[in-house]
**Q** 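Encoded as structure tokens, here's the structure I'll be asking about.
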Protein chains: 2
Amino acid sequence: MDSCKNKEITFDNETLARFAKAMGHPTRIEILRFLASLDSCYFGDIHNELPISKATVSQHLKELKDAGLIQGEIETPKVKYCINQENWEKAQLYFEQFFHSQQVKAFCCK
Amino acid sequence: MDSCKNKEITFDNETLARFAKAMGHPTRIEILRFLASLDSCYFGDIHNELPISKATVSQHLKELKDAGLIQGEIETPKVKYCINQENWEKAQLYFEQFFHSQQVKAFCCK
DNA sequence: AATATTGTTCGTAATTTTACGAACAACAAA
DNA sequence: TTTGTTGTTCGTAAAATTACGAACAATATT
């Protein structure tokens with residue numbers, strides 16, 4: 001008993017909203033798409049793809065990291081970023097169940 | 001020729017980010033879940049579900065409407081809201097293709 | 001005409017987001 | 001030790017978000 005404790009997923013609004021919020025900017029979508037098309041890459045590679053300052057790129061990366069969608073690893077003097085596989089799949093699951101939740105319908109208006 | 005013009009979908013970052021941004025707040029997720037579980041309902045029903053002022057609810061509904069995820073229809077003196085089916089499916093498609101886009105991978109770091 | 005119901009809009013305040021240059025930190029190379 | 005490379009952090013400014021009460025609009029009802 002309790003053997004599935006670490007598998008339990010609560011599809012709470014806060015978690016889904018946090019994932020969605022992190023995806024709520026074109027630049028961050030671009031970063032995620034870029035990282036999702038690779039195994040990993042360095043900060044500089046990401047910065048090269050974008051027409052914005054490194055400070056802003058770093059800021060967007062921090063938000064994606066805080067939301068759990070990506071992770072960074074120091075490889076002095078560079079920093080390697082990649083998709084956080086576990087949370088990426090969790091997010092995918094959240095969005096999937098969310099968009100499929102309209103199957104059962106009913107009227108609430110009289 | 002050109003017969004599929006109205007079917008073409010561009011999976012651009014701006015559109016996906018706009019959908020995501022609209023979903024980037026727990027209250028709006030709650031509203032969407034509620035509407036998705038029904039065929040439609042009135043503003044008052046939505047307001048009843050939430051512990052916030054009607055002004056704020058109205059504001060959130062406006063954002064969801066602007067993002068295209070829901071639609072409102074006046075049924076004097078009430079206002080009936082429902083999921084915008086077309087855009088809901090479009091959003092679903094956008095998120096699906098986004099999360100599946102990591103299939104093909106490559107290295108960018110040397 | 002006065003009153004009640006239903007939501008939107010207005011005005012406002014506090015917070016968050018977005019973006020940038022400059023300064024900084026950590027390390028490698030000259 | 002000085003210089004160069006790579007990114008983060010700081011400070012700041014402008015804009016957007018979030019939330020609320022009050023006022024308003026539109027329509028029924030009394």
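Protein chains get the first letters and strands the later ones, always in sequence-line order, with residue 1 at the start of each.
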**Q** Students often get this wrong, so: under 4.0 angstrom with heavy atoms, is B:H47 touching a base, only sugar-phosphate, or nothing?
**A** nothing
**Q** Could you pick out which residue, B:K21 or A:P77, lies toward the 5' side of DNA chain D when each is mapped onto its nearest nucleotide?
**A** A:P77
**Q** Hey, do the aromatic rings of B:F19 and B:F95 have their centres closer than 6.0 Å?
**A** no
**Q** So which one's nearest nucleotide on DNA chain C is more toward 5', A:T76 or A:R28?
**A** A:R28
**Q** Respond yes when some side-chain nitrogen or oxygen of A:H60 is under 4.0 Å from OP1 or OP2 of C:dA19, and no when none is.
**A**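 For C:dA19, OP1/OP2 do have a side-chain N/O of A:H60 under 4.0 Å.
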**Q** Any side-chain N or O of B:H25 under 4.0 Å from OP1/OP2 of C:dT17?
**A** no
**Q** Using atom CD1 of A:I29 as one end and atom C1' of C:dT18 as the other, report the distance to the nearest whole Å.
**A** 16 Å
**Q** Drop me the distance from A:F34's CZ to A:I83's CD1, to the nearest 0.5 angstrom.
**A**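 If we round to the nearest 0.5 Å, A:F34:CZ and A:I83:CD1 are 11.0 Å apart.
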**Q** Take atom CG of B:L50 and atom P of D:dT18, then tell me their distance rounded to the nearest Å.
**A** 14 Å
**Q** Using whole Å, report how far CD of B:E14 lies from C1' of C:dT18.
**A**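 So the two atoms are 16 Å apart, to the nearest Å.
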**Q** Does a donor on one side chain sit under 3.5 Å from an acceptor on the other, for A:E63 and A:Q59?
**A** no
**Q** Of the candidate nucleotides D:dA19, D:dG7, D:dA23, which contains the atom at the shortest distance from the side chain of B:K54?
**A** D:dA23
**Q** Out of C:dA19, D:dT8, D:dT18, which nucleotide sits closest to the side chain of B:E63?
**A** D:dT18
**Q** Could you tell me whether the phosphate oxygens of D:dC20, OP1 or OP2, come under 4.0 Å of any side-chain nitrogen or oxygen in B:S53?
**A** yes
**Q** Quick one: which of D:dG7, C:dT9, D:dA19 gets closest to the side chain of B:A55?
**A**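 Closest of the options to the side chain of B:A55: C:dT9.
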**Q** Nearest whole Å is fine: how far is D:dG7 P from A:K78 NZ?
**A**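 These atoms are roughly 6 Å apart.
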**Q** If I take atom CD1 in residue B:I31 and atom P in nucleotide D:dA19, what distance separates them, rounded to the nearest angstrom?
**A** 10 Å
**Q** For D:dT6, does either OP1 or OP2 sit under 4.0 Å from a side-chain N or O belonging to A:Y81?
**A**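 For D:dT6, OP1/OP2 do not have a side-chain N/O of A:Y81 under 4.0 Å.
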**Q** Taking CD from B:Q59 and C1' from C:dA14, how many angstroms apart are they, rounded to a whole number?
**A** 13 Å
**Q** A:I52 near the nucleic acid: base, sugar-phosphate alone, or nothing, with a heavy-atom cut-off under 4.0 Å?
**A**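 Here A:I52 touches the backbone only, sparing every base.
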**Q** Does any donor atom in the side chain of A:Y81 or A:E73 lie under 3.5 Å from an acceptor atom in the other side chain?
**A** no
**Q** Between A:N87 and A:Y94, do the side chains contain a donor N or O and an acceptor N or O under 3.5 Å apart?
**A**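 A:Y94 vs A:N87: no donor-acceptor pair found between side chains.
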**Q** Expressed as a whole number of angstroms, how long is the span from A:K62:NZ to D:dT9:C1'?
**A** 10 Å
**Q** CG of B:L61 versus C1' of C:dT6: gap in Å, rounded?
**A**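 That distance rounds to 13 Å.
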